[in-house]
Participant: 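The structure under discussion is supplied below as structure tokens; questions concerning it will follow.
If you read the sequence from its start, that first residue is 1, and numbering goes on from there. One-based numbering, in listed order, for ligands and for the atoms of each.
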Amino acid sequence: MKTLYEKKVVKFGGSSLASAEQFVKSANIIKAESVRRYVVPSAPGKRFDGDTKVTDLLINCYNQSVSSGDWEATFDKIEERYNDIIKGLGLTTDLSGEYAIIRKALAEGTTLDYTASRGEYLNGLILADYIGYEFVDAAEVIFFDENGKFDASYTNTVMAQRLSGKRNAVIPGFYGSNPDGTIKTFSRGGSDITGAIVARAVMADIYENWTDVSGFLMCDPRIVDNPRPISIITYRELRELSYMGASVLHEDSIFPVKIASIPINIRNTNRPEDAGTFIVTSTDGYKTDDIITGIAGKKGFSVIRIEKDMMNSEPGVGMRVLKVFADLNINFEHIPSGIDTMCVVVNTDDVKGREYDIASSIQKSVNPDHIHIDNNMGLVAVVGRNMAGQPGTAARVFSALARKDINIRMIDQGSSELNIIIGVDESSFTRAIKAIYKEFCN
Ligand code: ASP
């Protein structure tokens, strides 16, 4: 097939490599374009509802090895998963030596990270064999520093050098190595990050992330039936939406490709004909009439309202209030304020049981007239690059909510006009999202 791109990095998620049948689909996708040169696999995921991901089996194995010592039966199941894939693909790959090394490590007391990482490692060996690409162990090209932090610059140098002479390679996702050579994993879902790191190192034209959905939807399908897909979204919009609860991609996987302005294309292995969602730095050249790009939301917020007469003429009140939260190590989300009031919106989980400490510290620090704490607020974010400079967007959001008799407890709009955030009672949260979707997306 002819394509505009010269070099692609393609990452396949667990569901895309869960069985021999899924391997065949993924391999067909890789082979359909010769520019799909660098492949990052996850470990085998669930084959059906109620199935267990290999990474979870490995974690169970580790836990059993430290508790009862009874891990062998679980490891037998893992071997069976891989052997089924190998057999189903008609390969002669022999992983018995690899299994023996992992079994020995478990018997002698290895780490959780090493054990969990073997899911990607073994899957990478099979995939490399199946598609005839060279296997490059992630432990040799992805590095963490002595504080356990991902070392982006050293990784980029080594990975770029290692892959520069290679036409094709399979680099397993999810892990790298510590300075002492031991294995360290990213957080769960971290193969997305590996894909982004590889894309940056080889300066790919695009990072294709193959999963089991055809990209992002404009809102949560558990709230709105069949929401429309998003064809193009900017990194900044995506960050706003993911922060507010939308998830498809590991959040940290954005940064390596964003730095290098490499677009991400989320694609569906089971429907390769769908274009999916493009995540881009700038939408220049892409036109859309949609005013909003997506709607996301989260429940579980509390509002701490501080009232003090003449607050507006007393410098430093805001700073002292926020210092209380910083000293108590509580993150705040928003700080809507009035002339004599200041509200601090926080996650309820972060303040539960600490209300007395918070109130007494604020009392000492700014001596307010009243302090109230209200719980059960949901935040809804309406996100869209096209809202900027478009009069009437906020009015449409508010009218849609008013028509459904939904009370707005808080409003926050950043001056970039990229999003409007609305606080509503948790009891009206779902209705609020449906009403806004209907107003803009139907
Ligand atoms: N296999 C790992 C997990 O299940 C990493 C990944 O799939 O991205 O979290």
Participant: Would you say G119 contacts ligand 1, with heavy atoms under 4.0 Å as the rule?
Facilitator: no
Participant: Heavy-atom contacts with S42 under 4.0 Å: which atoms of ligand 1 show up? List them by number with element.
Facilitator: 6 (C), 7 (O), 8 (O)
Participant: For E208, is there an ion pair with K11 - N to carboxylate O distance below 4.0 angstrom?
Facilitator: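 Not counted as a salt bridge, because no side-chain N and carboxylate O are separated by less than 4.0 Å.
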Participant: For G189, take its heavy atoms, then give the atoms of ligand 1 lying under 4.0 Å from any of them.
Facilitator: 3 (C), 5 (C), 6 (C), 8 (O), 9 (O)
Participant: Look at E80 together with K77 and state whether they make a salt bridge at an N to O cut-off of under 4.0 Å.
Facilitator: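 So E80 does not pair with K77 through a salt bridge.
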Participant: Looking at E237 and R385, is any side-chain nitrogen of the basic one under 4.0 Å from a carboxylate oxygen of the acidic one?
Facilitator: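 The answer is yes: the pair qualifies as a salt bridge.
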Participant: For ligand 1, is there an N or O atom under 3.5 Å from any N or O atom of D192?
Facilitator: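 D192 vs ligand 1: no N/O contact under 3.5 Å.
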Participant: Pull out every atom of ligand 1 sitting under 4.0 Å from any heavy atom of S191, numbered as shown with elements.
Facilitator: 5 (C), 6 (C), 7 (O), 8 (O)
Participant: May I ask you to identify the nearest protein heavy atom to atom 5 (C) of ligand 1, giving residue, atom name and distance to one decimal place in Å?
Facilitator: E120 OE2, 3.4 Å
Participant: Does the gap between the ring centers of F186 and F144 come in under 6.0 Å?
Facilitator: yes
Participant: Counting only N and O atoms by type, is there a donor-acceptor contact under 3.5 Å from the side chain of N178 to the main-chain atoms of D180?
Facilitator: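 Checking the backbone N and O of D180 against the side chain of N178, no donor-acceptor pair under 3.5 Å is found.
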Participant: If you take the nearest heavy atom of each of K11, R188, K46, which one is closest to atom 4 (O) of ligand 1?
Facilitator: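 Ranked by closest heavy atom to atom 4 (O) of ligand 1, first place is R188.
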Participant: Would you please indicate if the ring centroids of F143 and Y154 are separated by under 6.0 Å?
Facilitator: yes
